[in-house]
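Below is one structure, written out as structure tokens; comments come after it.
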Amino acid sequence: MAKSLTAVDRSACPSKAGMLLLDQMINVRNFCIVAHIAHGKSTLADRILELTDVLHTKNNQQFLNNMELERERGITIKAKSVRIPYKAKDGQDYILNLIDTPGHVDFNYEVSRSLKACEGALLLVDASQGVEAQTVANAYLAIDAGLEIIPVINKIDLPNALIDESKKQLSDMLGIPADNALLISAKAGTGIIEVLESVVANVPPPESDVNGPLQCLVFDSMYDTYKGVIPHIRVFSGTVKIGTKIMAKSTGKSYEVTEVGYFSPGMVPATQLEAGMVGYIGAVMRDVGDIHVGDTFVSPDLPDTPAIPGFREARPMVFCGIYPLNTNEYGKLGAALEKLQLNDSAIVFEKESSAALGHGYRLGLLGMLHMEITLERLKREYGQEIIATMPSTIYKVVTRDGVEHLIDNPSKFPEPNHIDHIEEPIVQAHIIVPKEFVGPVMALSEEKRGKMITMEHPDMRRIMLTYDFPLAETITGYYDTLKSISRGYASMDYDFTGYRQSDLVKVDILVHGDKVDALSYISERTMAVPRARDLVHRLRKLIPRQMFEIPIQAAIGGKVIAREDIVAIRKDVLSKCYGGDISRKRKLLEKQAEGKKKMKMVGSVQIPQDAFLALLKMEEEH
Amino acid sequence: MTAGLYVHVPFCARKCRYCDFYSLPQRENLIPAYIKAVTAEAHVHQGKHFQTLYVGGGTPSLLGPQNLSDLMGSLRGYFNLSSLGEATIEVNPESATKEFLDAAMSAGFNRVSVGVQSLSDTELESVGRIHDSQRAIKALNDIRTAGFTNVSADVIIGLPGQDWTSLKRTLDQLLSMRLEHISAYCLSIEEGTPLAVNPPANLPTDDRQAELFERTCAFLKKTGFVHYEISNFARPGFESRHNLNYWHGGEYLGLGPAAASHMNGRRFRNNSDLTAYIGNPSGQISDIEDLDPAAKAGEEAMLRLRLLEEGLDCAAMAERFSPENVIGLRQRLEKLVEEGLLEKTGTRYILPGKMVMTANQVLSRVVVTGGPTCC
């Protein structure tokens, strides 16, 4: 509480106008809720909004999760902020800015930016689950951001609520004193007032200089067809109003503010946003690529005003090729991606074409969940039927000439004899798992090339494992398998830690001597052969026999590591007495010809389009 | 151009396990009504002139001598059969009695096609044939005794448990009977048939079938048969004229339920429904198909390429269909020649012997796709 302003500070304020503003600031609280997935964050937010009459409907629709998909999966993807007027028990009127944070591992950076906009955080724990991996990860992020942490134990009305144990975990695992943790049931609406009172009492008001040089943090943005990009900002210093000139630190581009306001929960225009406040601005920013989460707006007259520390460009770590099922819809898919990108600037994409799948796009995303959600949104919101290739990460390939290449597509790898070494992205993962599952989890982690860093015992029933993993291993089914072998009890969080040199090889799949680019993959050397055998075997079954023998091979450079042959077709003839029923004969042949039209040509081999689909699907499930 | 007359006899004593043709077991009581209906249907088309006749089934020999004579009487009454060069009747060994064969001879048939299928009793039994090898041999002898000099036998390749030894034994025995013609069909497992529902474990694979077929071709060729169509072998001069007419894209009228016709360029079929046929013999036409000239040319090419000796003469096609309708066809054929899947001598395209077992790979690229113009 040392940082917060006191009554003495207030009286010390020199100017009348300044004092007035400071009076307002003293009653402002910027806070967020951090929690493990499904611990009740969105429900708590809803209750707060209802209680304070920001939200009038009680139709059990969680306001902050307004994307259909988010609600379905119970997770928040995009951060949002809401201004909440609140009359506290001390008789004063407060402005509470609730800043929502995305709740999944893929969005750690976004979370950290949202936290940066707050002074306090409600650390929400499900009493029936206790502290989970993302509780730990998010709590650390909040502590790192210097936030006042208010522990809140939710779902206390559940019969299996373990309140004392949850408190103990908070203090043992995170060092957060939790004896006085708030006990609530967001679902039942109990303890919500206490939460708000605690925010007022414990979260420091923003320490801000309204007359200082302009300094606004962009912690989120959205796209409006008419207004362009709408950055969500936290003003740290100065005041922004209509007509204010602003400059983005990362790009140097300047804009004139045409609109300021806040969310309540819809957009409410205001005359200005002062230091300490949270809201949005409009400034006719058409290019979604110019505004980055984490960037700082300053005044173009004072371009050397420092940026809020911690900015980095959203860095896609997971890549896949996406192709329209119907090749005529290539243009439509591009348009859908552009539209999607407007509301999710973390998506990157570029044109790509594959001999096997035709024209499509290479999509870069923050992580596996981000990818899943994006593919799902493309299908659902834009009605696109698409094939996605196996996901890949971004590799650092250092060639013999000493040049370092960042390569996100296995088919673009240099020939093995040109490669000096390859580095792959490494993540550090925290896995919390009940004791009885620790064996299988460790076996799985070893199999996925995990290196154990620590093994801790946060409480009597659970183990917390910390592993270093190659990112590539975690994007190919690790999380799903983890969940299934622990019957859903394991939780995981990860963060990117850097690159590490590994013994990796690129495996190409060749059909009749021609590379099928969409099937190339990167593998740890010792694991390349089993996977190659399996893939070759499955591909053989999916390609119909043809007029000639077709070898299916997997190769590293020129060296074949697996091979199966599709023998030439021996019998394909109508040798049956159809009498004079010529139409039937002709129709059978026409049907056969129609079937062939749906084939993709790879070299001289006809491969059914759905063979690739089936293979990629199987890979996914593998 | 010749024109053929086909009569479909939809009766059989028992359904074979592989059969998906329209034939009804144990309904011989309907034969008189059926004959009446065929007569009525013939009446509608009266006056037509035919050069070939084929009575097939089902099992035409189930009709018995009297019904067969009645049927032929009706056909002669309504159609001009004065220049009938070939008249074939299909028989099954168990019902090819001497009386029936004599009746067929006196009714004017000059060719008999026998459903022998195999001369291995286990193979015959496995697909539910009624006859055994002895009965088949007796029937073949009786046919000769009745005076027929043009006899064909059907053989099925790929029967359960069949191998080259058993198949060759069948072929050897048939050859010793001095047959003029052999049709060798591959067993195909049609959806819904007992063989598809309960496939025996010893059913030869497609690859095995292909091997047996190829050995059959080589064997029959060596013994003087001409492999003149994908499934048909004949002593020179004994090619089936009625069937050749199908493969030349010629015209024919089909009488009886499920019979297919090709008249004035239009293909159609009677419904596969004996009861309905008896009730209204001339009102059963369905599946009418009028192809545009280019598609028609493609269809004829598909048929003619089945004729392994004669092949397809593109110049003659261009004359019949007018050149603009065979441009696409010619391009498709040339492409196939380029890929080595067809052979060409002069203006004639021929399916090479090595392609016989995979003919569909070629023929499916010869037909015009994109849908016929239907009405």
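Here is the naming used below: chain letters follow the sequence lines, and residue numbers restart at 1 for every chain.
Of the two parts of B:L341, only the side chain, counted from C-beta on, holds a non-hydrogen atom closer than 4.5 Å to a non-hydrogen atom of chain A. Contact of B:Y252 with chain A is made through the side chain alone, with heavy-atom distances under 4.5 Å. Residue B:F268 does not touch chain A at all, counting heavy-atom pairs closer than 4.5 Å. Heavy atoms closer than 4.5 Å to chain A are found nowhere in B:V366, neither backbone nor side chain. Both the backbone and the side chain of B:Q361 have a heavy atom closer than 4.5 Å to some heavy atom of chain A. Proximity to chain A is limited to the side chain of B:L303, based on heavy atoms less than 4.5 angstrom apart. Interface residue B:I230: only side-chain heavy atoms are found under 4.5 Å from chain A.
Among A:E590, A:K591, A:Q592, the one residue that satisfies the side-chain contact (heavy atoms from CB on, under 4.5 Å) test with B:S364 is A:Q592.
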### Task
Decide side-chain contact (heavy atoms from CB on, under 4.5 Å) for A:R570 and B:D206; before the verdict, give the C-alpha distance in whole Å, the side-chain angles of both, and the deciding distance to 0.1 Å.
CA-CA 7 Å; A:R570 286 280 279 125; B:D206 273 6; over 6 Å; no
### Task
Start with the C-alpha distance between A:I569 and B:M357, add both sets of side-chain angles, then the distance that settles side-chain contact (heavy atoms from CB on, under 4.5 Å), and finish with yes or no.
CA-CA 9 Å; A:I569 194 166; B:M357 278 317 288; over 6 Å; no
### Message
Under the criterion side-chain contact (heavy atoms from CB on, under 4.5 Å), I'd like the reasoning laid out for A:M547 against B:T358: C-alpha separation, chi angles, the key distance, then a yes or no.
### Response
CA-CA 8 Å; A:M547 291 301 292; B:T358 52; 3.4 Å; yes
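Taking 4.5 Å as the limit, some side-chain heavy atom of A:L574 sits within range of a side-chain heavy atom of B:R306.
We find that B:E299 and A:K585 are not joined by a salt bridge, their nearest charged nitrogen and carboxylate oxygen being 4.0 Å or further apart. Using a 4.0 Å cut-off between a side-chain N of Lys or Arg and a carboxylate O of Asp or Glu, A:R545 and B:D207 qualify as a salt bridge. A salt bridge links B:E289 with A:K587; the closest basic N to acidic carboxylate O contact falls under 4.0 Å. Using a cut-off of 4.0 Å between Lys/Arg side-chain N and Asp/Glu carboxylate O, A:R584 and B:D20 are scored as salt-bridged.
At most 12 heavy atoms of other shown residues, nucleotides or ligands fall within 6.0 angstrom of atom NE2 in A:H359.
Heavy atoms only, all atoms of each residue included: B:V356 and A:V573 are closest at O-CG2, 3.4 Å. When all heavy atoms of A:K571 and B:Q209 are compared, the closest pair comes out as NZ-OE1, 2.6 Å.
For the set B:E229, B:E214, B:H8, the count of heavy-atom pairs under 4.5 angstrom toward chain A peaks at B:E214.
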Under 3.5 Å, side-chain donor or acceptor atoms of residues 329-338 of chain A against the rest of the protein: list the pairs with distances, not counting sequence neighbours.
none

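The line from CG of A:L588 to CG of B:L363 is 12.0 Å long, rounded to the nearest 0.5 Å.
Heavy-atom neighbours of chain A within the stretch residues 254-263 of chain B, taken at a separation under 4.5 angstrom, comprise B:A260.
In this structure a side-chain-to-backbone donor-acceptor pair under 3.5 Å is missing from A:S575 to B:Y185.
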